[in-house]
Amino acid sequence: MVASSGNPRNEPVLDHAPGSEERRALDAELARQASTPLALPLILGDARVFTLKTSAFSAPHAHALVLGEYSVAESEHVAQAVAAARQAKPSWAALPLAERASIFQRAAELAAGPWRPRLLAATMLNQSKTVYQAEIDAIGELCDFLRFNAAFAGELSEAALISTEHEKNRWDLRPLDGFVLAVTPFNFTAIAGNLPSAPALLGNTVIWKPSPLAMLSAHHVLELFLAAGLPPGVINLVQGDAPRICERVLSESDFAGLHFTGSSQVFRGLWAQIGARIGSYRSYPRIVGETGGKDFIVAHASAEVAPLATAIVRGGYEYQGQKCSAVSRVYLPASLAEQVIDSVRAMLAAIRVGDPCDARNFLGAVIGRASFDRITGYLTRARADARCKILAGGTTDDRVGFFVAPTLIEVTDPSHPLLSEEIFGPLVTIYRYDDDRFAEVLTLCDEATPYALTGSIFAQDRDAIEQATERLRMSAGNFYVNDKPTGAVVGQQPFGGSRGSGTNDKAGSIWNLTRWISPRVIKENLRPPRDFRYPFLVSD
């Protein structure tokens, strides 16, 4: 909501308690969407295009629950999207910022109100999120992105320049000289909505390539924007073969920017394509990306056991560990290790895994076959590895859905792949260290992976907190003290990391928005000179 002062505030997360009005509305919408498969078109300008080639999609937790099929774009459809973006650009860029912002603010009001059940149900069914995880994502964070971005853009527009009695100076917040490509992931509906809408807010037009694993929520988000008044062609939704679509888009001379969330490998590949074509572009494209993570908790011997164990379970396993920020590796001092492990195992034993629409379940399914097979491969190798001990979980079941039990593994080798490679699943790895090796473990943590997204320190000893905060300064773009390294909130903890984790442009902050403008400075001389001679010149 927008407070009376004009400053945004974070959208409240509803409880959806049994018998509540919001729960009844959600249950009805879940039933409706589950029983009404959709045919999803390409959205190109004002046209909804259904193609001959389609791809079906199901709920990850229920193979038999077919949610619909989506049209697959060919090269001519990508060209049509580019043409629509070009056509929409002049009038959209000329619209005052306040009017563009009002559209996305209106979208936030719709999402928080009548569209809430629709967005929640799509995210729960298509991405296998519990209602709580869907609430904080598809409603809370999406609304926050839309409202806070509008406020931050307003701050940019009000930035002052020094003027004098003889001249006036002002900013012109131009969009980029071309269009933006947004490539979005499956795991957050909010991120999928933010990546195209943030550049659009600043006057850009966008080609949006969504994840094939989250098509339902992506389409509902764009329909939300259109219902809020977004003109056709500002954001064009093009789904299909990602390499072919991106190759076609990146070949355009007026490609001006990439807004990306996904794997480090894909991001590097796109950057390489852009670099190879750099001489063909009208301008130097902006490249903004949030990529992989191998996020950590380092515990000091002074840490409290209960908060630490809770942080491991919530941070490591919520949404099946499919968050870029999810806890994946934990460094435990020997003096606390057994207590922490026992506590974590007890919590995991109480966790139910299954259909996320059943409120008794804490975890749903992993997103798809490729993810399931990758995680299963890690578990198979761990069982055969003498350096690994499976402490909890370790089982998988794909008969009904892609279910992986929350798994805890201890390794004896600090350089083990389980401590360095991104897995993106409900698998947390522990390394136990001697208490007097705390400083050494900080170095191990910093150097173990190419990533630097999120991490946390658990300690009551203030010196240990300060030591970790300083030594791990470059190890995480979002760093937490005595808290899990997940759950960043727009306006409170702008999100992003560096090294192999991305360009650290902080989604949901004013810094991200500056990447989507090409500012012009306008100087008006109120007393222009009338003679070329300066006062220092001496006349004959």
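Computed over heavy atoms, backbone and side chain alike; hydrogens, waters and symmetry mates excluded. Numbers here simply count residues along the sequence, with the first being 1.
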Task: Set of salt bridge (charged side-chain N to carboxylate O under 4.0 Å, His left out) partners for E338, sequence neighbours left out - done: R432

Task: R314 CZ: over 12 foreign heavy atoms closer than 6.0 Å - done: no

Task: Contact summary for A301 and S335, nearest pair of heavy atoms - done: CB-OG, 3.9 Å

TODO: Would you check if the side chain of R345 reaches a backbone N or O of A392 as a donor-acceptor pair within less than 3.5 Å?
DONE: no

TODO: List the steps and the verdict of side chain to side chain contact (heavy atoms under 4.5 Å, CB included) for L195 and V183.
DONE: CA-CA 8 Å; L195 266 57; V183 179; over 6 Å; no

Open item on the list: In terms of relative ring orientation, are F424 and F186 parallel, tilted or perpendicular, with 30° and 60° separating the classes?
Closed with: perpendicular

Open item on the list: Using 0.5 Å steps for rounding, measure from the OG1 atom of T443 to the CZ atom of R471.
Closed with: 4.0 Å

Task: Side chain to side chain, V180 and R286, heavy atoms closer than 4.5 Å - done: no

- [ ] Flag yes if more than 12 heavy atoms outside Q265 fall under 6.0 Å of its CD atom; otherwise flag no.
- [x] no

Task: Closest non-hydrogen atom pair between I367 and Q322, with its separation - done: N-OE1, 2.9 Å

TODO: Let me see the working for V404 and Q320 under side chain to side chain contact (heavy atoms under 4.5 Å, CB included), right down to the final yes or no.
DONE: CA-CA 8 Å; V404 178; Q320 298 80 265; over 6 Å; no

TODO: Determine the minimum heavy-atom distance between W208 and A192, stating which atoms define it.
DONE: CZ2-O, 3.1 Å

Open item on the list: Pairing donors with acceptors under 3.5 angstrom, does anything connect the side chains of N194 and N149?
Closed with: yes

- [ ] Would you please classify the geometry between the F152 ring and the F148 ring as parallel, tilted or perpendicular, with 30° and 60° separating the classes?
- [x] tilted

Task: Rounded distance (nearest 0.5 Å) linking atom CZ of F495 with atom CG of N504 - done: 9.5 Å

Open item on the list: Ring-plane angle category for F438 and H300, please: parallel below 30°, perpendicular beyond 60°, tilted otherwise.
Closed with: perpendicular

- [ ] Answer yes or no for K129 and Y319: cation-pi contact, defined as NZ/CZ to six-membered ring centre under 6.0 Å and angle to ring axis within 45°.
- [x] yes

Task: Min side-chain heavy-atom separation E290-L453 under 4.5 Å - done: yes

TODO: Please answer whether the main-chain N or O of P485 pairs with a side-chain N or O of T454 as donor and acceptor at a distance below 3.5 Å.
DONE: yes

Open item on the list: Please check this pair: side chain of D435 against backbone of P333, looking for a donor-acceptor N/O pair closer than 3.5 Å.
Closed with: no

Open item on the list: Check this for me: Y281, atom OH, are more than 12 non-hydrogen atoms of other residues, nucleotides or ligands nearer than 6.0 Å?
Closed with: yes

TODO: Working to the nearest 0.5 Å, report the span between CD1 of I390 and CG of L379.
DONE: 6.0 Å

Task: Exam field: side chain S415 to backbone D413, donor-acceptor pair closer than 3.5 Å - done: no

Task: Contact check, side chains of S420 and K294, non-hydrogen atoms, under 4.5 Å - done: no

Open item on the list: Would the distance check show the side chain of E466 and the main-chain N or O of R462 forming a donor-acceptor pair, the cut-off being under 3.5 Å?
Closed with: no

Task: Shortest non-hydrogen contact from P356 toward G364 - done: CD-CA, 4.4 Å

TODO: Taking all heavy atoms of L181 and all of C246, pick out the closest pair and write down the distance.
DONE: CD2-SG, 4.1 Å

TODO: Report the relative orientation of the aromatic rings in H259 and W516; use parallel for angles under 30°, tilted for 30 to 60°, perpendicular for over 60°.
DONE: tilted

Task: Check: S302 side chain, Q460 main-chain N or O, donor-acceptor pair, under 3.5 Å - done: yes

Open item on the list: So, taking the atom named CZ in F104 and the one named CG in L142, what distance separates them when rounded to the nearest 0.5 Å?
Closed with: 11.0 Å

Task: Side-chain heavy atoms of D144 within contact of P8, under 4.5 Å - done: no

- [ ] State, yes or no, whether a side-chain contact exists between V428 and P406 at a heavy-atom distance under 4.5 Å.
- [x] no

Task: Evaluation steps, side chain to side chain contact (heavy atoms under 4.5 Å, CB included), between I375 and S371 - done: CA-CA 6 Å; I375 298 165; S371 177; 3.7 Å; yes

Open item on the list: As an exercise, state the distance from SG of C143 to CZ of R9, rounded to the nearest 0.5 Å.
Closed with: 11.0 Å

Open item on the list: Is it true that, when you exclude R473 itself, more than 12 heavy atoms of the residues, nucleotides or ligands shown sit nearer than 6.0 Å to its CZ?
Closed with: no

Open item on the list: Quick one, T189 and H220 - any side-chain contact, counting heavy atoms below 4.5 Å?
Closed with: no

Task: Heavy-atom side-chain contact between S456 and I297 under 4.5 Å - done: yes

Open item on the list: If you define the side chain from C-beta out and look only at heavy atoms, does anything of K323 sit under 4.5 Å from Q133?
Closed with: yes

- [ ] Apply the test side chain to side chain contact (heavy atoms under 4.5 Å, CB included) to residues H61 and F403: give CA-CA distance (whole Å), side-chain angles for both, the deciding distance (0.1 Å), then the verdict.
- [x] CA-CA 7 Å; H61 49 273; F403 293 109; 3.7 Å; yes

Task: Which atom of A198 lies closest to which atom of L513, heavy atoms considered - done: CB-CD2, 4.0 Å

- [ ] Determine whether the side chains of D385 and H416 contain a donor N or O and an acceptor N or O closer than 3.5 Å.
- [x] yes

- [ ] Evaluate the side-chain hydrogen bond (donor to acceptor under 3.5 Å, both in side chains) criterion for residues E440 and Y433: first the C-alpha distance (whole Å), next the side-chain angles of each, then the deciding distance (0.1 Å), finally the verdict.
- [x] CA-CA 9 Å; E440 180 184 342; Y433 70 92; over 6 Å; no

- [ ] Kindly say whether Q339 contributes a backbone atom to a donor-acceptor pair with the side chain of S343 at under 3.5 angstrom?
- [x] no

Open item on the list: For S217 and Q127: C-alpha separation, side-chain torsions, deciding distance, then whether side-chain hydrogen bond (donor to acceptor under 3.5 Å, both in side chains) applies.
Closed with: CA-CA 9 Å; S217 58; Q127 290 143 270; 2.8 Å; yes

Task: Any donor-acceptor N or O pair under 3.5 Å, side chains D295, S325 - done: no

TODO: Indicate yes or no for a side-chain donor-acceptor contact from T130 to the backbone of N361 under 3.5 Å, with no hydrogens or angles considered.
DONE: no

Task: Spatial distance of atom CD1 (I139) from atom CG (L14) [nearest 0.5 Å] - done: 8.5 Å

Task: Flag, side chain of T123 to backbone of A134, donor-acceptor distance under 3.5 Å - done: no

Task: D358 side chain vs R360 backbone, donor-acceptor pair below 3.5 Å - done: yes

